[in-house]
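For ligands, and for the atoms within them, numbers begin at 1 and follow the listed sequence.
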Amino acid sequence: MGKPKFSLMDKTLNPEIVDGKMNAFVKVPYGIQVRLSHPLGKDGYGRVTVDGIPISRGKIFKLDMVIKADVLYLPVGEVAREFDREYTLELTGFKTAEGVPYPDCSFKIKTTAKSRPDPAFAENDEVALEAAREGMVLLRNEKGVLPLKEGAVLNCFGRGQYMYRNTSTGASMINPRWQPDFMDAIKEHSSFSVNEELSALYCYLQDVTPGGNMLEKAKEQSDTAVILISRTSGEFLDNHPDKGSYYLTDDEEAMIKAVTAVFDKTVAIINSGFPMDIAWTQKYGIDAVVYTGFTGMLSSYALMEILDGRTNPSGKLPDTWARDYYDSPAAHNFINFKEGDEIPGEKDKGVRLYYEEDIYVGYRYFDSFGKAPAYSFGHGLSYTDFALETGKPSFDGNNVTLQVTITNTGKRAGKETAQLYLHAPEGKLEKPYRVLAAFEKTKELKPGEKELLALTACASDFASFDEETGSYLLEAGTYEVYCGNSLAKAVLAGCFTVGKTETLRTVERVCRPVEEFKRLNRENGTAEAVSQLVDLDQRIRVRAPRPSYQPLPLKKHTGKKIIYAQVKENPGLMDEFVSQMSDKELCRMNVCGGSNWYLPWQNGEAGKTNVIKKYKMPRMLVSDGNTGINVKKKNIGMPCSASIAATFNKELAYRVGSVIAKESKAQNIYQNLGPGMNIHRNVLNGRHPEYFSEDPYLAGMMAGMHAKGMEDNGVGSCYKHMFCNNSDTSRKGSHSIVSERALREIYFRVFEVAIAVQKPSAVMTSYNAVNGIYPAENADVIQKLIRGEWGIDGMVMTDWGTYDTVDAVEMVKAGNCWLTEGSKKYSRLLEQAVKEGRLSRAVLERNVRSVISTMLKRV
Ligand code: BGC
């Protein structure tokens with residue numbers, strides 16, 4: 001055994017990152033990684049100080065993929081908060097598992113300089129700012145507290161003022177060129193000043209209640225209190241129905257109670273990635289509430305503009321805000337895990353999640369079952385007033401059209417949204433009370449100005465799926481058309497009648513449940529908690545048979561060698577190009593060439609295609625990029641998808657996608673791993689900010705426009721995660737049991753809506769199982785639905801490391817053409833399967849054909 005030794009993996013750190021790259025795994029603020037030469041013993045932790053100030057001890061995670069090593073993650077960000085400064089990090093008193101002491105040691109670490117805007121990118125930054133402005137939602141504004149007066153002193157409460165979050169962790173993380181935080185924004189982008197004495201209380205990130213006569217003194221400076229509440233959320237980081245997560249901590253509540261007792265005017269800024277508890281704003285009589293969401297690199301600037309009225313808020317909620325977590329229908333069947341829990345799928349636990357709420361997801365439940373939410377779907381206030389005047393709806397057998405005139409009747413310029421909801425008659429099938437079927441947003445209207453909007457809803461946007469026949473039905477009866485600037489305010493605009501039930505289309509059956517389970521309906525009225533934590537091998541108790549898929553081999557190429565450039569020139573050569581490859585080469589192309597993100601000196605791409613030199617193939621790099629390119633080189637930082645959805649502005653979603661594409665190409669990345677667009681089934685899913693909405697139409701439309709922006713500008717989009725990745729921490733161990741109707745009307749529907757706007761260059765399957773089989777190995781899903789019904793011919797890839805829990809050969813056999821993140825181990829495994837006759841060359845050829853077709857579009 002060599003001598004125990006620590007080595008620093010990164011010497012510089014960026015205090016602008018609030019949650020830290022590793023936050024998804026270690027759940028502590030930003031920090032630094034220290035490699036351990038020997039594992040620590042249970043009591044082997046010593047003391048860690050930064051410039052002599054102790055920090056809470058680190059967490060250990062294994063960096064298995066790249067270097068077999070234990071890495072200690074130290075949240076030095078608790079102390080190293082200043083920019084461009086050297087700090088001394090000391091580790092003392094650590095011991096290995098054998099009790100051998102690590103020598104005490106000291107390292108110099110340095111924080112980066114504060115980032116500044118680069119004028120060369122001003123146009124792109126402007127789009128990020130515009131999206132941030134429109135992505136914020138004004139939930140409440142009593143007594144006209146907002147906007148605040150010019151030059152006001154801000155009495156700010158809560159550590160959120162020093163932990164202002166603009167993005168989520170994990171795949172949707174951004175690495176922006178510059179990102180003013182809350183305090184920067186006050187100084188640089190507002191006429192406000194801050195009550196420094198008060199703010200100083202929060203700089204060590206604690207929610208303290210000011211003592212003595214501090215509150216009274218603060219009130220003398222300004223009669224308004226601004227309370228900041230912040231919550232993280234992201235990949236592998238589900239939230240919980242607990243204090244500090246969905247609910248307030250005791251400290252936060254005590255602070256709010258004290259502040260509201262003294263101040264008459266209070267503003268709450270909810271800087272959270274998901275709809276958290278809101279009951280406290282009512283309980284403590286908060287006057288104004290702004291929901292920032294995670295609105296990207298210029299979020300704090302947009303917030304200042306909303307606070308002082310330069311921007312008139314126009315965002316609308318893409319999700320219902322329940323009065324309490326347990327009011328929402330999926331609350332009863334959502335199992336997630338906390339720090340310290342064994343993560344299902346990683347060890348020996350799995351979960352079975354019954355989607356009992358069925359088609360009643362989000363507002364479909366609240367609206368149909370008469371349950372009042374705190375804020376309805378589509379809600380969002382403005383500083384001006386609008387009048388909506390609707391014409392009479394018309395229906396031509398396929399499209400419903402409604403003309404809406406929106407007039408700004410107030411005193412400030414602003415934008416407004418018209419939302420069209422359809423109520424379908426009860427017939428053979430029970431229906432949700434109303435569903436969103438169209439929406440449009442005005443331009444900025446000056447006081448007195450009006451705009452005529454034409455809203456068109458297509459029958460497929462409000463048809464229902466009949467499980468008996470596998471058909472989408474437009475049932476006979478009277479349809480009611482509602483319109484308003486939110487679901488709660490939508491009023492009846494008129495009706496139309498469908499004389500005879502029509503079958504819009506009949507589909508191939510895929511992914512049907514293989515076990516009975518209770519489904520919420522009008523009669524039984526409630527969902528119960530029936531989902532279970534089970535042994536891992538029990539997770540898929542009733543396994544659906546694996547459908548088989550046997551394509552014909554491509555015509556064997558016999559002529560001269562064809563190189564990639566020739567196929568690029570003449571795509572007609574594709575089949576010959578692929579068929580000339582040896583089995584081994586095909587296997588290599590079926591597997592991703594590994595990621596580039598673990599070590600501090602790597603670029604951070606999530607993956608790359610393998611290159612077979614003799615065909616002079618280029619390499620295609622892929623990266624996450626819902627919000628900006630998730631690589632280490634700085635680039636744009638757009639709002640997260642949920643905030644893009646909140647803009648209800650399709651054209652803006654398109655521009656966001658366009659900018660991401662332009663910046664992506666500059667980094668040599670031509671295939672993006674987004675947008676992610678799973679349905680917001682439960683607000684606690686860590687990926688909530690990364691997905692768009694609880695409503696499949698809004699989510700699909702906005703995701704499609706975002707993708708179109710990318711594709712039109714030369715970068716491939718990838719729709720993910722197919723399907724039902726609705727709780728992220730347990731994603732590799734969870735099994736979603738969902739009715740075929742809910743899949744068709746909600747969980748598949750979102751993808752279908754997006755595909756109608758823009759066909760993606762690629763799609764990604766999810767980790768979890770659905771109805772007894774993993775979509776990643778389900779040939780019905782890949783061949784009948786994705787390829788057949790939806791006509792997608794590009795690559796179908798797995799999510800990263802799906803092969804940890806799903807058989808790699810079975811996935812490839814089903815037509816999953818890119819095993820990610822890949823290594824030689826997996827191409828050898830495929831070669832072995834070919835040799836043993838378990839995997840046909842014809843399947844490999846078809847898969848590689850799809851990989852190449854995605855590549856040809858881009859590289
Ligand atoms: C995430 C994907 C992401 C991939 C590559 C996975 O952990 O679930 O959404 O695209 O990593 O970063």
Inset, instruction - Classify the side-chain pair N239/H688 by whether it contains a donor and acceptor separated by less than 3.5 Å. - result: no
Inset, instruction - Quick one: list whatever passes ring-ring contact (aromatic ring centres under 6.0 Å, His included) with Y670, sequence neighbours left out. - result: none
Inset, instruction - Would you please say whether a donor-acceptor pair under 3.5 Å links the side chains of D804 and Y767? - result: no
Inset, instruction - Would you mind checking if D799 and K732 are paired as a salt bridge, meaning a charged N to carboxylate O distance below 4.0 Å? - result: no
Inset, instruction - Salt-bridge test for R619 and E605: reply yes if a basic N is under 4.0 Å from a carboxylate O, no otherwise. - result: no
Inset, instruction - Taking the side chain as every heavy atom from C-beta outward, state whether L72 and Q33 have any atom pair closer than 4.5 Å. - result: no
For a distance cut-off of 3.5 Å, show me each N or O of ligand 1 paired with any protein N or O, plus the separation.
from: ligand 1; atom 1: 7 (O); to: E235; atom 2: OE2; distance (Å): 2.4
from: ligand 1; atom 1: 7 (O); to: R731; atom 2: NH2; distance (Å): 3.2
from: ligand 1; atom 1: 7 (O); to: Y767; atom 2: OH; distance (Å): 3.2
from: ligand 1; atom 1: 8 (O); to: E235; atom 2: OE2; distance (Å): 3.4
from: ligand 1; atom 1: 8 (O); to: R687; atom 2: NH1; distance (Å): 2.7
from: ligand 1; atom 1: 8 (O); to: R731; atom 2: NH1; distance (Å): 3.3
from: ligand 1; atom 1: 8 (O); to: D799; atom 2: OD1; distance (Å): 3.3
from: ligand 1; atom 1: 8 (O); to: D799; atom 2: OD2; distance (Å): 2.6
from: ligand 1; atom 1: 9 (O); to: R687; atom 2: NH2; distance (Å): 2.9
from: ligand 1; atom 1: 9 (O); to: K720; atom 2: NZ; distance (Å): 2.9
from: ligand 1; atom 1: 9 (O); to: H721; atom 2: NE2; distance (Å): 2.7
from: ligand 1; atom 1: 10 (O); to: D624; atom 2: OD1; distance (Å): 2.6
from: ligand 1; atom 1: 10 (O); to: K720; atom 2: NZ; distance (Å): 3.0
from: ligand 1; atom 1: 12 (O); to: D624; atom 2: OD2; distance (Å): 2.4

